[in-house]
Amino acid sequence: MLKTCLRPLGILATVLSLVACQGDNKLDLESLNVANINQFNASSRGYVITEHNDLLAIPEFIQEIHRLSASLADQHWLKNPKFIAQANSLRVHFQASELHEAKIFIAALDEAISQYSSNIAKVNALANVKQREIDADLIAYQATLNDLEHTLAILKTPIHEYETRLDKLSGAIADESRHFARLRNDFQASFRELDSDDHPMAYDIRFSYVQQPRSMCSRFDEMRELITTIDEGCTYVNREELLDEISTTSHPQAEQLIDYYAPLLWLSMTKLSGFFDTNYNTQFFPHNLRHLHAKTKIALNEKRILMQGNTHELLEDYEYRLAQLKNEHARNIPYDFVDEQFTVDTNSDAFVHYFEQYAAENNYSLYQPIDRFKELINDQAAIKQFTSAYAKKTLSNYPATLTFQVTGRGYYNVPSREKAIGIIFDFYHSEQHMILCNRAREDLPVIVTEHTPGFHHIEGVSLVTELDRRLQAFILS
């Protein structure tokens, strides 16, 4: 091999030819004090560091394990609304390592999830009891509050306002009633012209209604078809029933009549009286003219009764009672563990304190679900087993296109040299490694010595040990 490389070009040409034949680059092993140890040993390896592949950087995988572990370990299990999601995600990360040394952490997380589920069942049971109590208090409070505010509104409203409002509503009801009757009569008359048999009782338009978002409306409600021009809720009309009463030759004209009159009749009817569903005994569109008229009439009668007493004294009395009710309500309802919607917040500090106190008083059997995992994630021995195995796997799985061999005499070729921002030499048989930094991406030196800029020689520590140490330190930090 050497004979074919050497050429009679003098000593300098011979040396350069020797380097070129055995490798583009060379480690000066003698200056690095590894010549005797490494001579004729071809097992030393080199790794190219790039922007996207860096052996010495903490992998995102390990960073995520550290982040999730810290989040689980540093919070009370009940104060952490993401406990199950984080524990499951952490479990998936340990499984993804495919390491035997990860199984102890997976088992601890399985135990944590199981114990948390057992605890949370007790939490939810107590929260449901408290929620029912709060809801009952709120209903009673709201009913009393509404009564007081209603009476105060009547006391503060002049009687002539009710009388004027009542007159306007009476006029509006009369106008809308005439409008509805005219629409209905016009439809029946027009429809009758299409029916030679003259069945006037069959010409009534009938509706059904489903209160839900417009986007969820189906085309049919039993035998009735959706009115597509009505935007609020789902309104259906008895189209097929009406069409069955006339000959098929008249269906096109009948369809046009239904399309025109059905929306107008529906809007007039709901404005006048709302819509009462007899199947479910439910009133829709309660703020219709007739309801407002009846409500105003009742308020007027109440106003006349209240005026028989001392209105000024009554007003002061009801304002005092209202203020007293609100103060009493603020003292009695446990606002410290409900949110703005008066829903029990089981993750709040106040509820956690309440639950732990309740559990102690009632001899609840509770777990501390994260304790076992927390103990392991802070156990240096357990972490070392995992990080050591992970470091070995990292080296063995490093992209083959970014690894190279270093000969016993220190020669090597650098793959992907245009991407290299550094090189690591691993003399693992002699417990040492070397790092050549090249952040500026300059031409790599042909011969590397201990004086080469950016060169670091770490003795007594193999590369796998260095990786293990870094991973350990990060996870335990």
Q. Can you list every pair that meets side-chain hydrogen bond (donor to acceptor under 3.5 Å, both in side chains) and has a residue in residues 357-374, with sequence neighbours left out?
A. R372-E375
Q.
Suppose the criterion is salt bridge (charged side-chain N to carboxylate O under 4.0 Å, His left out): which pairs have a residue in residues 89-99, not counting sequence neighbours?
A. R91-D110, E98-K393
Q. Taking only residues two or more places apart in sequence, or in another chain, which ones meet R132 in a side-chain contact (heavy atoms from CB on, under 4.5 Å)?
A. N128, V129
Donor-acceptor list for residues 463-471 side chains, cut-off 3.5 Å, not counting sequence neighbours:
residue	atom	partner	partner atom	Å
T465	OG1	S462	OG	2.9
E466	OE2	R470	NE	2.8
E466	OE2	R470	NH2	3.4
D468	OD1	T387	OG1	2.5
D468	OD1	S388	N	3.3
D468	OD1	Q472	NE2	3.2
D468	OD2	K384	NZ	2.8
D468	OD2	Q472	NE2	3.4
R470	NH1	L56	O	3.2

Q: Taking side-chain hydrogen bond (donor to acceptor under 3.5 Å, both in side chains) as the test, write out the residues that go with D147, two or more places apart.
A: none
Q: For E101, enumerate each residue passing the side-chain hydrogen bond (donor to acceptor under 3.5 Å, both in side chains) test, keeping only those at least two apart in sequence or located in another chain.
A: none
Q | All side-chain hydrogen bond (donor to acceptor under 3.5 Å, both in side chains) counterparts of E356, not counting sequence neighbours | A | H76
Q: Taking ring pair (Phe, Tyr, Trp, His ring centres under 6.0 Å) as the test, write out the residues that go with Y236, two or more places apart.
A: none
Q) Can you list every ring pair (Phe, Tyr, Trp, His ring centres under 6.0 Å) pair that touches residues 452-477, not counting sequence neighbours? A) H66-F474
Q.
According to side-chain hydrogen bond (donor to acceptor under 3.5 Å, both in side chains), who are the partners of R67, at least two apart in sequence or on a separate chain?
A. E64
**Q.** ring pair (Phe, Tyr, Trp, His ring centres under 6.0 Å) involving F275 - partner list, sequence neighbours excluded
**A.** W266
Q | Under the ring pair (Phe, Tyr, Trp, His ring centres under 6.0 Å) test, residues paired with F373 that sit two or more places apart | A | none
